[in-house]
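Note on naming: letters A, B, ... go to the chains in the order of the sequence lines (proteins, then strands), and numbering restarts at 1 for each one. Treat the numbers as computed from the prediction; the structure is a model and nothing was measured.
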Amino acid sequence: MTVRIHVPADSAAASVGADQVAARLAIEIERAGLDARIVRTGSRGLFWLEPMIEIETAAGPIAYGPVAPADIPGLLAAGLIDGGAHPLRLGPTAAIPYLARQERLTFARCGAIDPVSVDDYRARGGFKGLERALAMKPIEIVEEVTASGLRGRGGAGFPTGIKWRTVLGATADQKHIVCNADEGDSGTFADRMLMEGDPMLLIEGMAIAGLAVGATQGWIYIRSEYPRAVTTFTRAVEACRRAGILGAKVGGTGPAFDITVRMGAGAYVCGEETSLLESLEGKRALVRFKPPLPALKGLFGKPTVINNVLSFAAVPTILADGAKAYADYGMGRSRGTLPFQLAGNIKFGGLVEKAFGMTLGEAIHDFGGGTRSGRPVRAVQVGGPLGAYFPADHLDTPLDYEAFAARKGMLGHGGIVVFDDSVDMAEQARFAFEFCAKESCGKCTPCRIGSTRGRETIEKVIRGEAVERNLALVDDLCRTMTDASLCALGGLTPYPVLSAIEHFPEDFDRAPARVAAE
Amino acid sequence: MHRGQVSGWDAAVASRIIEARRQEPGAMLPILHDLQETFGYVDRAALPLIADALNLSRAEVHGVVSFYHDFRSEPAGRTQVKICRGEACQAVGCRELAAAAERRHGLTLGETSPAGDLTLEEVFCLGNCALGPAVQVDGESHGRVTPDVLDALIATSRSRGHA
């Protein structure tokens, strides 16, 4: 029987040579006349082991990594296609501790299948949720999602079922499903991995949402920084159309549902849902006033469900296994699992899907192995560029929406960025304002002007000019931005700034720069 | 996306691109992406054509083109380097990487060399946050990039371009 060898085509794996590994492997297989076939998959998310390749054996996949093209002749000589012994052999993939200790629901298939093969997806339990949804009434689907406790995985944590119920209750000749795949937060890559590794899970989730609210048109807005995600997702949509999953009869028996793929054009603010809708309509991505809610007046003025990639991707599991099975994971009002992303100065960076409730320190030390530099952890930014910086003594915070809010932080999309003790927190605060100034859509004054004045003021602090007075000014500016900005970009930029000042005051206590000697 | 498939502005080609998309809902961004992929940039001469096709003012079209970081009003260098400046890459030295690239090539981020062979740009997050510092060279991602690795990548891109 032909042996399947899995080589990731994930863009992070490719960034450290996975494409060259696949090319060399193809040559060597041909040369040796082996009965093996290379399948390009997504990544398992163990990035320090990439390129990690896997051999499908009767006992399950066996992993090797990190593999360089030059390792391949030696690997084949050692009996790679039978899972033979070699210094790079990591053993059965499922037994690698980093993976074995996770609770993978959304990412169960990512890295294990050909992402654009309907057969691969179905063989691993795909489309079970859609099949069940096809046999249910719309309100029953909405109730199942509500009962699961699923909250929007884009960052704000709004209950998904409530959003869907509003759209279901609206009357209109056309409704839309919009997937926000404009994952622009530094430290997050879960959306990208899913779109490159298991796009059909997202397609299935969007199709179920269409059934739940009576929408026949789906849209996905993918950021242009992710060219591979755009390509893979588009190919997956085409494969689903050919298989009759999408099109005139969703899942072969349901009403019509199809998905249009759109690419962003480099604007962070499009991660904000109303900006994204403006962009999809072909305009400048200016934030809209709310109300009206997008649920009632969204894309092209029609009722619209707009959710993040991971929100839609959680839905097939909820439908397939039932709301209770999903809600049994988690703590408090944070139910289910969240794919956390370990990034920045971290030894074992990657994707860790766990139920809510693990502490930040467990994530960084038990999974991440501490810093890559080997120096002490000094600051951790969770939740993207608008998230707070936590000091090392906050590592006992559980990864849970409420626990983070209680410490003036936010969990956001689950991105965890680690800094060692070489970080200059005044510089990070300066950058937060700079980023906001560059990415502001410009519609509201606190964000547009406040961010520029904020950067200038922090620069004065860094130069040691009237430090106390300028820090008071920053504080005042931040309050205005928090209270008066239209959206999260202006409204949350104070989080990284004020947390840096609060937790790392020593970095802002600058002596005045000495006048240059004549 | 980075290097145009067609060298030089061609109004007839642009009109065909616009015509093929104009009926789509919210056609503006797809049209601009197609133009940029074809020519390597969005020529000013395209603005009245788009405005006419979509029944908008030229000012509205200009407003969209100038809003998004991706759309260029002139061609990029033959080698296009995007250096990630997101926090995750900052934590592993992207500032030093960007400074070294600027110094070695005599450009600041956002500039194209006078000879048109190299553009250095900043980008905020390539989704490669566990393998920073991350860069994209001619649309391909690279991880754990040092100043020497980046120079080698630029040299490879140049040799491909002149082959």
Side-chain angles (χ1 to χ4, degrees), chain A residues 11-12 14-16 45 47-48 50 183-189 191-193 223-229 260 262-268 279-286 299-300 341-346 349-351 372-373 381 384-385 415 417-420 423 428 431 435 438-439 441, chain B residues 1-2 21 24-34 36-37 42 50 54 56 60-72 82 84-95 121-137 139-145:
Chain A
S11 51
S15 84
V16 286
F47 288 121
W48 73 99
E50 292 288 8
E183 171 185 71
D185 285 348
S186 175
T188 62
F189 44 80
D191 292 1
R192 181 191 60 68
M193 274 182 65
R223 63 201 300 261
S224 60
E225 291 86 347
Y226 289 179
R228 281 195 185 216
T260 301
R262 281 283 168 87
M263 188 163 80
Y268 175 78
S279 188
L280 269 178
E281 291 180 6
K283 303 172 195 158
R284 286 190 289 157
L286 301 187
L299 187 62
F300 303 115
Q341 297 124 87
L342 293 175
N345 194 333
I346 188 111
L351 184 110
R372 194 199 295 174
S373 63
Q381 188 180 33
V417 176
V418 179
F419 293 80
D420 72 12
V423 67
Q428 296 310 118
F431 176 77
F435 181 73
K438 281 193 171 143
E439 296 296 337
C441 83
Chain B
M1 196 180 1
H2 38 284
R21 292 275 196 184
E24 291 179 25
M28 177 83 83
L29 260 61
I31 287 173
L32 294 174
H33 275 305
D34 284 358
Q36 181 145 309
E37 194 180 321
V42 179
I50 300 169
L54 301 183
L56 297 168
E60 283 172 300
V61 179
H62 172 75
V64 174
V65 175
S66 58
F67 182 88
Y68 295 96
H69 297 311
D70 281 4
F71 300 127
R72 326 181 54 88
K82 294 183 176 184
C84 181
R85 290 190 64 228
E87 285 86 347
C89 286
Q90 289 170 18
V92 285
C94 74
R95 284 198 185 91
E121 291 178 307
E122 66 178 359
V123 61
F124 296 108
C125 200
L126 297 167
N128 199 8
C129 319
L131 292 174
V135 304
Q136 251 179 23
V137 179
E140 285 292 324
S141 276
H142 301 274
R144 289 185 168 161
V145 176

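Side-chain atoms of A:Asn345 do not come within 3.5 Å of backbone N or O of B:Val92 as any donor-acceptor pair. A:Arg192 contributes a side-chain N or O that, together with a main-chain N or O of B:Gly127, makes up a donor-acceptor pair within less than 3.5 Å. The backbone N or O of B:Pro133 lies less than 3.5 Å from no partner atom in the side chain of B:His142, so there is not a single donor-acceptor pair. With A:Ser224 contributing its side chain and A:Met263 its backbone, the two residues share no donor-acceptor pair below 3.5 Å. Judged by distance alone, with hydrogens and angles left aside, the side-chain atoms of A:Glu281 form a donor-acceptor pair with the main-chain N or O of A:Phe300 at under 3.5 Å.
With contacts defined as side-chain heavy-atom distances shorter than 4.5 Å, the pair B:Leu29/B:Tyr68 qualifies. A 4.5 Å side-chain heavy-atom check between A:Phe47 and A:Leu342 finds every atom pair outside the cut-off.
In terms of non-hydrogen atom pairs under 4.5 Å with chain B, the most contact-rich of A:Cys441, A:Gly45, A:Gly350, A:Gly415 is A:Cys441. Considering only heavy-atom pairs separated by less than 4.5 Å from chain B, the leading option among A:Arg223, A:Arg228, A:Gln341 is A:Arg223. Chain A forms more heavy-atom pairs under 4.5 Å with one residue of B:Met28, B:Glu87, B:Arg144 than with any other, namely B:Glu87. Heavy-atom pairs under 4.5 Å with chain A peak, among B:Val135, B:Ile31, B:Leu131, at B:Leu131. If you tally non-hydrogen atom pairs under 4.5 Å between each of A:Gln381, A:Arg262, A:Glu225, A:Met193 and chain B, the highest count goes to A:Arg262. When each of B:Gly86, B:Gly63, B:Ala134, B:Cys125 is checked for heavy-atom pairs under 4.5 Å with chain A, B:Cys125 comes out on top. Contact count against chain B (heavy-atom pairs under 4.5 Å) is highest for A:Pro385 among A:Ala267, A:Ser11, A:Pro385. Between chain B and the options A:Ala14, A:Ser373, A:Gly264, the largest number of non-hydrogen pairs under 4.5 Å is found for A:Gly264. For the set A:Gly384, A:Ala229, A:Gly349, A:Ser279, the count of heavy-atom pairs under 4.5 angstrom toward chain B peaks at A:Ser279.
B:Phe124 and A:Tyr268 have their aromatic ring centers separated by at least 6.0 angstrom.
For a residue to count as touching a neighbouring chain, one of its non-hydrogen atoms must lie under 4.5 Å from one of that chain's; by this rule B:Arg85 touches chain A with backbone and side chain alike. With a 4.5 angstrom heavy-atom cutoff, B:Pro25 touches chain A via backbone and side-chain atoms both. No part of A:Thr260 comes within reach of chain B, as not one of its non-hydrogen atoms sits under 4.5 angstrom from that chain. A:Asp420 does not touch chain B: none of its heavy atoms, backbone or side chain, sits under 4.5 Å away. If you measure heavy-atom distances from B:Glu140 to chain A, the contacts under 4.5 Å come from the side chain alone. A:Ile346 does not touch chain B: none of its heavy atoms, backbone or side chain, sits under 4.5 Å away. With a 4.5 angstrom heavy-atom cutoff, A:Tyr226 touches chain B only via side-chain atoms. Contact of A:Ala285 with chain B is made through backbone and side chain together, with heavy-atom distances under 4.5 Å. Contact annotation for B:Val123: only side-chain heavy atoms (C-beta onward) come within less than 4.5 Å of a heavy atom of chain A.
The closest side-chain donor-acceptor pair between A:Ser15 and B:Asn128 falls under 3.5 angstrom.
Atom NE2 of B:His69 has more than 12 heavy atoms from other residues, nucleotides or ligands within 6.0 Å. Within 6.0 Å of the CZ atom in A:Arg284, the count of heavy atoms belonging to other residues, nucleotides or ligands does not exceed 12.
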